[in-house]
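Have a look at the structure below, then the notes.
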Amino acid sequence: MGMLKSSLAFLVLAFAFFFCYVMSSGSYDYFQFVQQWPPTNCKVRGKPCSKPRPLQYFTIHGLWPSNYSNPTMPSNCNGLKFEDRKVYPQLRSKLKRSWPDVESGNDTKFWESEWNKHGRCSEQTLNQMQYFEGSHDMWKSFNITNILKNASIIPNATQTWSYSDIASPIKAATKRTPLLRCKRDPKHPNKPQLLHEVVFCYDYNAIKQIDCNGTAGCQQAFSFQ
Ligand SMILES: *[C@@H]1O[C@H](CO)[C@@H](O)[C@H](O)[C@H]1NC(C)=O
Ligand SMILES: *[C@@H]1O[C@H](CO)[C@@H](O)[C@H](O)[C@H]1NC(C)=O
Ligand SMILES: *[C@@H]1O[C@H](CO)[C@@H](O)[C@H](O)[C@H]1NC(C)=O
Ligand SMILES: *[C@@H]1O[C@H](CO)[C@@H](O)[C@H](O)[C@H]1NC(C)=O
Ligand SMILES: *[C@@H]1O[C@H](CO)[C@@H](O)[C@H](O)[C@H]1NC(C)=O
Ligand SMILES: *[C@@H]1O[C@H](CO)[C@@H](O)[C@H](O)[C@H]1NC(C)=O
């Protein structure tokens, strides 16, 4: 009887540990590769950005391992914390262009927080170096600013756009459905929302771009300025 009890206790404990491991190692289905339009960051932020004139091209916000059944993506998983020395000089100069901190200006701090919050949840697929190299390559593969420019979509304070005005040319260029996200300017709550992010989705191995199928994050008419 004692034997049975203790082996049962052992099983329960083993299961609990297994469960904790699965939760903390971060399981995910696909990646969201999120790019942002810096002028919107600076408008919706409570205080000015470090640079007086924000960059006028899309920059990386992050590469987020995501889960179809659970929209709250895995975050802050166990795993190796960010190590600055792994951002070797050549990668650093690339990231300074593709993945700058457009708000406070501390790029390293931004990379650190994105890796610690999201990157560690897919460490079994991409180590820290591969995570940042891969993100830079995704950024380079399609120039959203240029795709929009070719479709005569130029940032403009007086014009508003529909979801498909922006999503269609991007879809035509990438052959995959993107996701758009907007934000409202708290200082101008009655004005149209501002385009903030363009999301590309990638498969589990972060190799193949796939259609995004989440819910759209922009209302009818929004502006891009
Ligand atoms: C997604 O999240 C749910 C709920 O947390 C979890 O049960 C499931 O295993 C996750 N899916 C994958 C592929 O990890
Ligand atoms: C930038 O962030 C890094 C990492 O958090 C920190 O070590 C460094 O002191 C910060 N640099 C400045 C100039 O604040
Ligand atoms: C992307 O396109 C814009 C607009 O055509 C251009 O100014 C910019 O240099 C391009 N960026 C890269 C990394 O090629
Ligand atoms: C935009 O148009 C230019 C000039 O016609 C062309 O060279 C370039 O490949 C186009 N870029 C995209 C992303 O469609
Ligand atoms: C902005 O858009 C408005 C409305 O479509 C147009 O009249 C105006 O010429 C545009 N401004 C610039 C600088 O392109
Ligand atoms: C999105 O697509 C994936 C893969 O095809 C599927 O498993 C998932 O259920 C879809 N999610 C939604 C919200 O449609």
Side-chain angles (χ1 to χ4, degrees), residues 33-41 43 45 47-63 75-76 79-120 128-129 131-174 178 180 182 185 188 191-200 209 220-225:
F33 176 60
V34 184
Q35 299 185 60
Q36 61 190 5
W37 178 245
T40 298
N41 286 58
K43 283 206 182 72
R45 190 172 190 249
K47 48 187 175 179
C49 282
S50 57
K51 280 190 184 173
R53 178 175 156 81
L55 293 171
Q56 302 289 309
Y57 62 87
F58 283 85
T59 60
I60 301 173
H61 181 176
L63 179 64
S75 67
N76 300 307
L80 296 174
K81 287 222 167 171
F82 180 79
E83 285 181 83
D84 195 32
R85 63 174 181 86
K86 290 180 182 167
V87 184
Y88 54 90
Q90 201 189 344
L91 178 58
R92 182 176 305 274
S93 61
K94 285 179 179 172
L95 295 178
K96 281 199 157 293
R97 185 158 158 70
S98 60
W99 202 336
D101 182 333
V102 299
E103 297 186 13
S104 74
N106 187 336
D107 301 340
T108 307
K109 194 170 168 193
F110 189 30
W111 305 334
E112 178 181 46
S113 69
E114 287 294 315
W115 168 261
N116 287 345
K117 185 170 179 196
H118 301 285
R120 285 192 292 162
Q128 190 195 304
M129 221 189 304
Y131 178 80
F132 286 102
E133 289 170 341
S135 299
H136 179 81
D137 289 345
M138 289 173 183
W139 177 78
K140 268 192 70 179
S141 65
F142 294 106
N143 182 338
I144 298 173
T145 323
N146 200 25
I147 292 171
L148 296 179
K149 194 174 158 194
N150 277 10
S152 308
I153 295 163
I154 310 284
N156 179 330
T158 57
Q159 193 162 358
T160 57
W161 308 95
S162 73
Y163 194 91
S164 70
D165 284 340
I166 306 282
S168 298
I170 296 174
K171 183 172 179 175
T174 62
L180 308 181
C182 288
D185 181 350
H188 300 285
K191 282 197 176 175
Q193 288 191 305
L194 300 163
L195 178 62
H196 182 224
E197 292 174 335
V198 174
V199 182
F200 290 164
Q209 196 182 340
Q220 294 85 2
F222 57 87
S223 79
F224 172 50
Q225 51 182 274

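Atoms within a ligand are numbered from 1 in the order they appear, just like the ligands themselves. Side-chain atoms are counted along with the backbone in the values below, which use heavy atoms only and exclude waters and symmetry mates.
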Which residue and heavy atom of the protein sit nearest [atom], plus the separation:
| atom | result |
| --- | --- |
| atom 9 (O) of ligand 3 | Arg97 NH2, 4.0 Å |
| atom 10 (C) of ligand 2 | Asn106 ND2, 2.5 Å |
| atom 5 (O) of ligand 3 | Asn146 OD1, 3.0 Å |
| atom 11 (N) of ligand 5 | Asn156 ND2, 2.9 Å |
| atom 1 (C) of ligand 3 | Asn143 ND2, 1.4 Å |

Heavy atoms of other groups near Gln56 CD, more than 12 under 6.0 Å |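 Yes.
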Does the protein put any heavy atom within less than 4.0 Å of atom 7 (O) of ligand 2?
->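 No; the ligand atom in question lacks any protein heavy-atom contact below 4.0 Å.
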Does some non-hydrogen atom of the protein lie less than 4.0 angstrom from atom 14 (O) of ligand 2?
->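 Yes; the ligand atom in question has protein heavy-atom contact below 4.0 Å.
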Lys109 bridged to Glu112 by N-O distance under 4.0 Å |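 No.
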Check ion pair Arg92-Asp84 (N to O, under 4.0 angstrom) |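 Judged by the 4.0 Å cut-off on N to carboxylate O distance, Arg92 and Asp84 do form a salt bridge.
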Between Ile154 and Gln225, is any pair of side-chain heavy atoms under 4.5 Å apart?
->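 No; the side chains remain at least 4.5 Å from each other.
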Quick one: does NZ or CZ of Arg97 land under 6.0 Å from the six-membered ring centre of Tyr57, within 45 degrees of the ring axis?
->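 Positive - Arg97 is close enough to the ring of Tyr57 and near enough to its axis.
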Given Glu197, which of His61, Gln35, Gln36 fulfils the side-chain hydrogen bond (donor to acceptor under 3.5 Å, both in side chains) condition?
->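 Output: one option passes, namely His61.
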Mark up the atoms of ligand 3 that fall under 4.0 Å of a heavy atom belonging to Lys149, in ascending order.
->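 Near Lys149, the atoms of ligand 3 are 4 (C), 5 (O).
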Considering only heavy atoms of Trp139, which atoms of ligand 3 have at least one such atom less than 4.0 Å away?
->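 Answer, ordered by atom number: 13 (C).
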Which of the atoms in ligand 2, numbered in the order shown and given with their element, are less than 4.0 Å from a heavy-atom of Glu112?
->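 Counting from 1, the qualifying ligand atoms are 4 (C), 5 (O).
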Could you tell me which atoms of ligand 5, counted from 1 in the order shown, lie closer than 4.0 angstrom to a heavy atom of Thr158?
->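 Those atoms are 1 (C), 2 (O), 3 (C).
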Of all the heavy-atom pairs spanning Pro192 and Ala221, show the shortest one and how long it is.
->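 Pro192 and Ala221 have their closest heavy atoms at CB-O, 3.6 Å.
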Just heavy atoms, cut-off under 4.0 Å: does Phe58 contact ligand 3 by side chain, backbone, both, or neither?
->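 The answer is neither.
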Angle class for the Phe224/Phe58 ring planes (parallel below 30°, perpendicular above 60°, tilted otherwise)?
->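 Rings of Phe224 and Phe58: parallel, under 30°.
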